[in-house]
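For reference, the structure discussed in these notes is given below.
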Protein chains: 2
Amino acid sequence: MTSYKEKKVISIGIVSELTGLSLRKIRYYEERGLITPERIGNGGSRRYSFADVETLMKIAEKREEGVQTSEIKKELVKERNQKQVRNQMIRGQINAHFNIRK
Amino acid sequence: MTSYKEKKVISIGIVSELTGLSLRKIRYYEERGLITPERIGNGGSRRYSFADVETLMKIAEKREEGVQTSEIKKELVKERNQKQVRNQMIRGQINAHFNIRK
DNA sequence: CGTGTAAGGAATTCTGACACG
DNA sequence: CGTGTAAGGAATTCTGACACG
């Protein structure tokens with residue numbers, strides 16, 4: 001079900017290498033609610049997915065354009081909702097196809 | 001090009017959680033040449049891909065069946081070669097299709 | 001051969017805070 | 001608001017070795 005892209009397995013150091021963002025920035029964007037890594041172990045170290053890495057790249061672009069984190073957050077939430085809707089429509093089609101009346 | 005599945009980004013602790021194998025075992029299978037994580041940083045810590053994780057799961061099964069690491073290694077090498085051949089055949093087909101004579 | 005474990009050191013990550021702007 | 005940095009501590013990872021079998 002959960003694909004490799006969504007699986008939270010990457011530590012913050014690697015994410016930093018992958019995105020070119022500082023640890024501080026990555027943690028700050030989490031604090032602002034733009035990303036939600038998983039917490040693991042006693043120390044509570046963060047684990048990110050490739051999807052998170054992609055999101056961070058988008059965030060980096062927006063920030064370079066001067067967009068504030070609060071704005072970026074709104075955009076990200078909107079995108080997530082749209083994805084939601086798309087998935088629900090697809091599920092609806094599938095249901096309609098297989099059991100028109102249950 | 002390199003998909004998420006092949007990208008070496010997972011630390012050994014996470015791999016251990018994902019596979020249920022001890023750190024010792026994971027390192028040992030590397031020593032025997034069954035897997036080849038990437039080394040990063042000064043400390044030279046290991047980074048694995050999801051593909052490595054899958055390979056480790058296969059290895060775990062074989063080991064439970066009592067197969068020795070030397071045998072498992074042969075099997076893995078064979079599988080890799082077969083993949084190689086398949087890919088080359090596909091490339092051949094594509095080439096044949098697009099430029100029969102160059 | 002395959003795996004566990006204790007050992008000492010190095011690198012990673014965490015949090016809360018002060019700084020600048 | 002967004003980011004850097006020094007600070008102290010905790011958890012992770014590394015290697016080489018001894019142990020058992």
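The sequence lines fix the lettering, A, B, ..., with proteins before strands; numbering per chain opens at 1. Heavy atoms only: backbone and side chains are in, while hydrogens, waters and symmetry mates are out.
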List DNA chain C stems (3 or more consecutive Watson-Crick/G-U pairs, under 3.5 Å)?
C:2-5 with D:17-20, C:17-20 with D:2-5
When you measure from the side-chain N and O atoms of R47(B) to the phosphate of dC14(D), is any distance below 4.0 Å, counting only OP1 and OP2?
no
Report the distance from atom CD1 of I40(A) to atom P of dT13(C), rounded to the nearest whole Å.
13 Å
Carboxylate-amine/guanidinium contact R47(A) E17(B), below 4.0 Å
no
Taking K8(A) for the side chain and R46(A) for the main chain, is one N or O donor matched with an acceptor at less than 3.5 Å?
no
Given atom CD1 of I59(A) and atom C1' of dG2(D), what is their separation to the nearest angstrom?
13 Å
For the student: nearest non-hydrogen atoms of K25(B) and L21(B), plus distance:
CD-CD2, 4.0 Å
L34(A) versus R80(A), closest heavy-atom pair with distance:
O-NH2, 3.2 Å
Honestly curious: do L23(A) and Y48(A) fall in one hydrophobic cluster under the side-chain, below-4.5 Å linking rule?
yes
Scanning both residues in full, the closest heavy-atom pair of V53(B) with I10(B) reads CG2-CD1, 4.3 Å
Under 4.0 Å, heavy atom to any atom of DNA chain D: which of residues 8-18 of chain B qualify?
S11(B), I12(B), G13(B)
Base, sugar-phosphate alone, or nothing: which one does R32(B) contact when heavy atoms must sit under 4.0 Å apart?
sugar-phosphate
Are a donor atom and an acceptor atom from the side chains of D52(B) and T55(B) found within less than 3.5 Å of each other?
no
E30(B) CD - dT13(D) P separation (whole Å):
14 Å
Residue pair I35(B) / L76(B), side-chain heavy-atom distance below 4.5 Å:
no
What's the CZ-C1' distance between R46(A) and dA11(D), to the nearest Å?
14 Å
More than 12 non-hydrogen atoms from neighbouring residues, nucleotides or ligands closer than 6.0 Å to NZ on K73(A), yes or no?
no
Indicate for each nucleotide in nucleotides 3-8 of chain D, in 5' to 3' sequence, whether protein heavy atoms under 4.0 Å reach the base (B), only the sugar-phosphate (S), or nothing (-).
BBB---
Taking NZ, NE, NH1 and NH2 as the nitrogens, is one of them in E71(A) or K74(A) under 4.0 Å from a carboxylate oxygen of the other?
yes
Give a yes or no on whether a salt bridge exists between K58(A) and E75(A), defined as a side-chain N under 4.0 angstrom from a carboxylate O.
no
